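First up is the structure itself, then whatever we jot down about it.
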Amino acid sequence: MDMRNEKQMKGKILIVEDEAAIREMLGYSLMKSGYAFEEAADTNEADKLIAEELPDLILLDWMLPGMSGVDYARRLRGKPESKAIPIIMLTARGEEPDKIRALDMGADDYITKPFSTRELLARIRALMRRSSGEKKEGVVKVQGLTLDSDTYRVTANEQNIEISPTEFRLLHFFITHPERVYTRTQLLDQVWGQNVYVEERTVDVHIRRLRQTLAAHGYDKFIQTVRSVGYRFSSS
Ligand code: CA
């Protein structure tokens, strides 16, 4: 088997996890599924690996020695070179309320330990498919709001807007499906992917973040809440 071809096909995943046994288990599962991977035991090691080559996705443990996974996710989102890398947070049972915080800080998804390899791989596939699928769609514009799927850039009247990959996908879906109300479940299916088990309130968290991001430029009013149904994008 040519590992370079495998890598090109499926991408490289960076595992940031301080427990060697979990790193080993994750690495083994990824390798068996055809992904290339690298391992870091803390955020310093992760920084070095990211500086060498950007991974296609990061599995990021919540509880790390030194800087926590959540703070690290926020830092990655703050840098132009790493802000578009999909991040899945690995959380432990008992950290449930913090999942919302993980998403607020820039993670795209989270999975609670102990998790099944199958579930994790399904989520990795969904995130990878989304980030590669969007690359073909190019630029969309609505009233001075521009989304470029090749670069993940959003601009409002030529001004750059900082946005996470999940908010980007959500906004992209809305802009390309305007004037129609979508339920949380429909948005989960369309934006997060089918067969990915994410709670419905996750949608609310991301809608809130998206509105906060757009509010600075006056575009938050485009994202409308339709009471007891869901959300709609309307520029009219
Ligand atoms: Ca840990």
Side-chain angles (χ1 to χ4, degrees), residues 7 10-79 81-131 164-167 188 192-193 195-199 201-203 205-206 209:
K7 186 176 156 185
K10 288 213 157 180
K12 188 174 82 175
I13 295 175
L14 173 62
I15 305 165
V16 189
E17 162 67 64
D18 58 316
E19 283 177 65
I22 297 178
R23 281 204 310 273
E24 203 173 306
M25 180 272 286
L26 289 170
Y28 178 74
S29 305
L30 293 174
M31 186 193 69
K32 254 181 63 181
S33 302
Y35 292 100
F37 69 95
E38 288 200 281
E39 297 174 42
D42 57 38
T43 60
N44 288 333
E45 282 183 32
D47 276 339
K48 282 178 204 148
L49 293 170
I50 290 172
E52 281 168 25
E53 193 191 353
L54 288 178
D56 297 297
L57 184 144
I58 300 174
L59 296 177
L60 182 57
D61 184 30
W62 177 286
M63 294 295 278
L64 289 167
M67 181 181 275
S68 77
V70 147
D71 289 338
Y72 192 56
R74 184 171 51 185
R75 211 176 72 185
L76 291 173
R77 287 289 171 254
K79 292 184 188 172
E81 67 273 19
S82 57
K83 72 174 183 187
I85 304 173
I87 299 172
I88 300 178
M89 294 283 311
L90 312 175
T91 66
R93 223 176 266 286
E95 293 169 352
E96 314 277 322
D98 286 342
K99 287 172 180 175
I100 301 296
R101 216 182 121 219
L103 296 173
D104 277 337
M105 291 295 166
D108 294 280
D109 200 357
Y110 56 79
I111 190 161
T112 306
K113 299 184 216 176
F115 46 81
S116 77
T117 303
R118 244 183 83 201
E119 190 186 0
L120 178 67
L121 290 170
R123 292 187 183 207
I124 289 173
R125 272 197 304 275
L127 266 180
M128 295 275 219
R129 199 169 46 230
R130 289 203 306 262
S131 48
S164 82
T166 300
E167 269 83 67
L188 282 175
W192 277 255
N195 306 318
V196 174
Y197 297 102
V198 184
E199 292 156 72
R201 63 180 178 156
T202 300
V203 175
V205 170
H206 284 284
R209 277 167 63 176

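Note that the coordinates shown come from a computational prediction; the quantities given were computed from them, not determined experimentally. Order of appearance sets the numbers: ligands from 1, and atoms from 1 within every ligand.
Side-chain atoms of Asp108 come within 3.5 Å of backbone N or O of Thr166 as a donor-acceptor pair.
Salt bridge Lys113/Glu17: present, at least one basic N to carboxylate O contact under 4.0 Å. Using a cut-off of 4.0 Å between Lys/Arg side-chain N and Asp/Glu carboxylate O, Glu52 and Lys48 are scored as not salt-bridged.
Atom CD of Glu24 has 12 or fewer heavy atoms from other residues, nucleotides or ligands within 6.0 Å.
When the Ca ion (ligand 1) is compared with the N/O/S atoms of Asp61, atom OD2 turns out nearest. When distances from the Ca ion (ligand 1) to the N, O or S atoms of Asp18 are compared, OD1 comes out shortest.
Contact annotation: Glu19 places no N, O or S atom under 3.0 Å from the Ca ion (ligand 1).
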